[in-house]
Structure formats: C-alpha cells, structure tokens
Amino acid sequence: MSITATDVAVLDGAPAPEAPTRRARLRFLRGGKTRTGLLMLAFFVLLAVIGPWIAPYDPDAMSDQLLQPPSGAHWFGTTHTGQDVLSQILVGTRGVLIVGFVAAVIATVLSVLIGVTAGFIGGAIDEILSALANIFLVLPGLPLIIIVASFVPDTGDLLIAFAIALTSWAWGSRILRAQTLSLRRRDYVEAARATGESTWRIILFEIMPNLTAVIASGFVGTVIFAVLTEITLAFIGVADISHWNWGTVLFWAQSNQALAQGAWWWFVPAGLCIALLGTALALINFGIDEFVNPRLRTATGSSRKVKMRVGFTPVARKPLNGGHRQHSSSSKEPRP
C-alpha cells in the first residue's frame, strides 16, 4: 500500500491542491514595476490618440502673448511667437509613439524571422543570415539615418521609423539565434521531431513560446531606442520640423535661446515627457526581467507567503509479522 501526496492531504484534513488560477497565470501583471510602467505608457498612448482633439489651441497659431509663463489661459506657457506649448506637446505625442512602436514592430519581426530561422535550421542558411546580421550590426545607425533623411525631401514619421528599424534589428537577431541554439536540442523538441512534426510547426509551437519574454524585452528596448532617435533627429533639425513632436519643441526652444531668456516652460515639459516615457518603458522592461529570471522576482509572484500546517502526517511502515502494513502518526512536525 502506497500513500500519495493527495492521500496525505486528505488524511491530514487539508484541502487538495488547487489548479493554477488565472491570477497565477498573469503573475507578470502583479508586479509593482510592471503595473506602474503600463499605467504610465497607457497615459501617453491616450494622449497620442486624443491629443490633437483636446489641444486648446492650434500649435502653429501665433498670438501677441509672447513668452508668457504658465497661466490659466496657457498651462505650459507660450513661445516667442505666442504659440501654446501645451498644444505642441499634445499634438507631438502621436508622432513620437508612432515612430517608436512602428520601428519596434518592424525590427522585432525582422529579428525573429532571421534570428530564430538561423538558429534552428543551421547550416548554410545560418551562415548567410548570421553574416547579414553582422553587416547590419556594424552599420552606424544614427549617421545612416541622418544621411537617408537628408536626401529624402519629405521625411515623415513612417520613413524615419522604417530607417530606424532597418538599423536596430541585428542585436535582437543575434540574441534570439543564441537562445534558439540552446533550445533546438531540448527533449521536447526532439520528441516533436520524432512524432513527425514539421519544422515550422516546431518553431511556432515549441520554440517561440520559450522566446516570448526575450522578444518582449527586445521590443521594449527597441521602442526606447526609436523614441530617442526620433527626438534626436528632430532636435538637431534633420527631421521635418514642420511636424510637431517633442524633439521639434526642443529644437525651436534651443534655436531661440529659451534657456538664456529664462523661458524654462518652453523646454521643461517636453523634457519631462521624454523622461517619463523612458521611465515607463524601463519599468516594463524591468518587470519582464523579473518575470523571466526567478532570482530577480520580488513582487511578481514569489513574495506570497506559504503558511505551513502543523499536525500529524501518516507514514507507511514496512509489513509486520502478519504481512499487513501499519500506519503510524507518531511523527509530528515541530511548530515553527
């Protein structure tokens, strides 16, 4: 006669182990860093969607209220031509997020296709794709984007996003290739091969689920890189300064010496928006790292206290003279 863990729980009066709940499956969203980052990012996404509609003024409209500090009429003050800074910030949020997320999506798709394919298939395909990734890896991203933007007459957000994506996918591709090389010889992958599964089905259903956290972390990192690159291009005047974004606001503030004139309200709000958006994305990235690495987990699910139950545990002993097993309840767990 053998006693299983479930039998012990029943004999001891404890409830049987419960199936994993939905809350346990969504442990990633329970982290304080993750929730804070997602809330901050959702706020900026909301501004990007409704910003042009709720802007109190036309961001290009001039007035006679020159370099006015923040007031009830102009919450973020005005520029040297009387333009409302708050309206420029609200309208410019959409361009920043469009460039960041479009570039991240394109770069992530390229890195997944090239990195996972090279790592899983191997051979000549691996050599060709790895050489391609190495070429793009050594290309100077920002100077190349500046050259492309200089020769194109209409440098819109989508063109900048596409240029950023083409110069930022190689790092993620190399990481995914290394991870795929470590996964393709695992037992469950070999079992899938033995059952006759196709290569692409193994990649989609056996390899990709184990790379989800790495892909998500790379996506967030690419968004940060794309946002900072877009703002840098606008700040140095390479991008089209007729399209409002936070970098354009900083460009006009720098060009008209806002700091020397004491017009801090002209550049501080845009700088704060950049810092807050970067903080939100960094917190999400930290949450992904804690979710993936058990050693980093704090509030993402590992801090739940387990309360030990004190009582008698039945123990199965060897058969006695009569050939019957005897259960003893003499081993009592010490009270902590």
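Each residue takes its place number in the sequence, starting with 1.
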(request) Consider only side-chain heavy atoms of I, L, V, M, F, W and Y, link residues closer than 4.5 Å, and tell whether L181 and I202 are in one cluster. (result) no

(request) Find out whether I146 and I236 are in side-chain contact, i.e. whether some heavy atom of one side chain is under 4.5 Å from a heavy atom of the other. (result) yes

(message) My understanding is that a hydrophobic cluster links ILVMFWY residues whose side chain heavy atoms are under 4.5 Å apart, including indirect links. Using that, what else belongs to the cluster containing I128?
(response) none

(message) Per the side chain to side chain donor-acceptor pair (under 3.5 Å) rule, what does the pair list look like for residues 209-226, sequence neighbours excluded?
(response) Y188-N210, S217-N285

(message) What's the separation between atom CD1 in I288 and atom CD1 in I215, rounded to the nearest 0.5 Å?
(response) 11.0 Å

(request) Can you tell me which residue pairs pass the side chain to side chain donor-acceptor pair (under 3.5 Å) test with a partner in residues 257-276, sequence neighbours excluded? (result) none

(request) With sequence neighbours excluded, tell me which residues meet salt bridge (charged side-chain N to carboxylate O under 4.0 Å, His left out) with D157. (result) none

(message) Within the structure provided, determine whether V85 and T79 are in side-chain contact (heavy-atom separation under 4.5 Å).
(response) yes

(request) Specify the closest pair of heavy atoms between A48 and R94, including all atoms of both residues, with the distance to one decimal. (result) O-NE, 2.9 Å

(message) Rounded to the nearest 0.5 Å, what separates atom CG in D64 from atom OG1 in T81?
(response) 11.5 Å

(request) Determine whether V112 and W200 fall in the same hydrophobic cluster, where Ile, Leu, Val, Met, Phe, Trp and Tyr are linked whenever their side-chain heavy atoms lie under 4.5 Å apart. (result) yes

(request) Enter the distance from L86:CG to T78:OG1 here, rounded to the nearest 0.5 Å. (result) 12.0 Å

(message) Test your reading of the model: is there a side-chain donor-acceptor pair from S63 to the backbone of G82, 3.5 Å cut-off?
(response) yes

(message) Once salt bridge (charged side-chain N to carboxylate O under 4.0 Å, His left out) is applied, do any residues pair with E190, and if so which ones, sequence neighbours excluded?
(response) R185, R193

(message) Checking the side chain of T93 only, and the main-chain atoms of L47 only, is there a donor and an acceptor separated by less than 3.5 Å?
(response) no

(message) Here's a test for you: under side chain to side chain contact (heavy atoms under 4.5 Å, CB included), which of L90, I89, D84 qualifies with S87?
(response) D84

(request) Check whether any side-chain heavy atom of L250 sits under 4.5 Å from a side-chain heavy atom of I274, and report yes or no. (result) yes

(request) Answer yes or no: is there a side-chain heavy-atom contact under 4.5 Å between D126 and R177? (result) yes

(request) State the OG1-CG distance between T34 and L283, to the nearest 0.5 angstrom. (result) 8.5 Å

(request) May I ask whether L139 and L110 are part of the same hydrophobic cluster, defined by side-chain heavy atoms of I, L, V, M, F, W, Y residues being less than 4.5 angstrom apart, directly or through others? (result) yes

(request) Would you mind listing the cluster partners of L39? Hydrophobic ones only (ILVMFWY), side-chain contacts under 4.5 Å, chaining allowed. (result) none

(request) Mind listing the closest non-hydrogen atom pair of S173 and S111 along with its distance? (result) N-CB, 3.5 Å

Which side-chain N or O atoms in residues 113-122 pair as donor and acceptor under 3.5 Å with protein atoms at least two apart or in another chain?
from	atom 1	to	atom 2	distance (Å)
T117	OG1	L113	O	2.5

(message) Taking the side chain as everything from C-beta on, heavy atoms only, tell me whether R174 gets closer than 4.5 Å to N134.
(response) yes

(request) Answer yes or no: is there a side-chain heavy-atom contact under 4.5 Å between L97 and L277? (result) yes

(message) Within this structure, what is the CG-CE distance for the pair L211 and M208, rounded to the nearest 0.5 Å?
(response) 6.5 Å

(message) Restricting to non-hydrogen atoms, name the atom on F205 and the atom on P209 that form the minimum distance, rounded to 0.1 Å.
(response) O-CG, 3.6 Å

(request) Could you state whether L132 and W171 fall into the same hydrophobic cluster, counting links through intermediate Ile, Leu, Val, Met, Phe, Trp or Tyr residues with side-chain heavy atoms under 4.5 angstrom apart? (result) no

(message) Tell me the closest heavy-atom pair linking F76 and P70, and the distance in Å.
(response) C-CG, 4.2 Å

(request) Can you sort out the partners of F44 under ring-ring contact (aromatic ring centres under 6.0 Å, His included), two or more places apart, ordered by chain and number? (result) W246

(request) With the side chain counted from C-beta on, respond yes when H74 and P69 share a heavy-atom pair under 4.5 Å apart, and no when they do not. (result) no

(message) Does I125 have more than 12 heavy atoms from other residues, nucleotides or ligands lying within 6.0 Å of its CD1?
(response) no

(message) Does Q254 have more than 12 heavy atoms from other residues, nucleotides or ligands lying within 6.0 Å of its CD?
(response) no

Mind listing the side-chain donor-acceptor pairs of residues 98-107 below 3.5 Å, one per line with the distance, residues two or more places apart or on another chain?
none

(message) Return the OG to CG distance between S130 and L137, rounded to the nearest 0.5 Å.
(response) 11.0 Å

(request) Could you pull out all residues at least two apart from F267 that satisfy ring-ring contact (aromatic ring centres under 6.0 Å, His included)? (result) none

(request) Please report the closest heavy-atom contact between L183 and V189, naming both atoms and the distance. (result) O-CG2, 3.4 Å

(message) I need the full list of side chain to side chain donor-acceptor pair (under 3.5 Å) pairs touching residues 227-236, with sequence neighbours left out, sorted by first then second residue.
(response) E230-N245

Would you be so kind as to tabulate the donor-acceptor pairs closer than 3.5 Å made by side chains of residues 54-62, with sequence neighbours excluded?
from	atom 1	to	atom 2	distance (Å)
Y57	OH	A73	O	3.0
D58	OD1	D60	N	3.2
D60	OD1	W244	NE1	2.7

(request) State plainly whether one hydrophobic cluster holds both V223 and F43, where clusters connect Ile, Leu, Val, Met, Phe, Trp and Tyr through side-chain heavy atoms under 4.5 angstrom apart. (result) yes

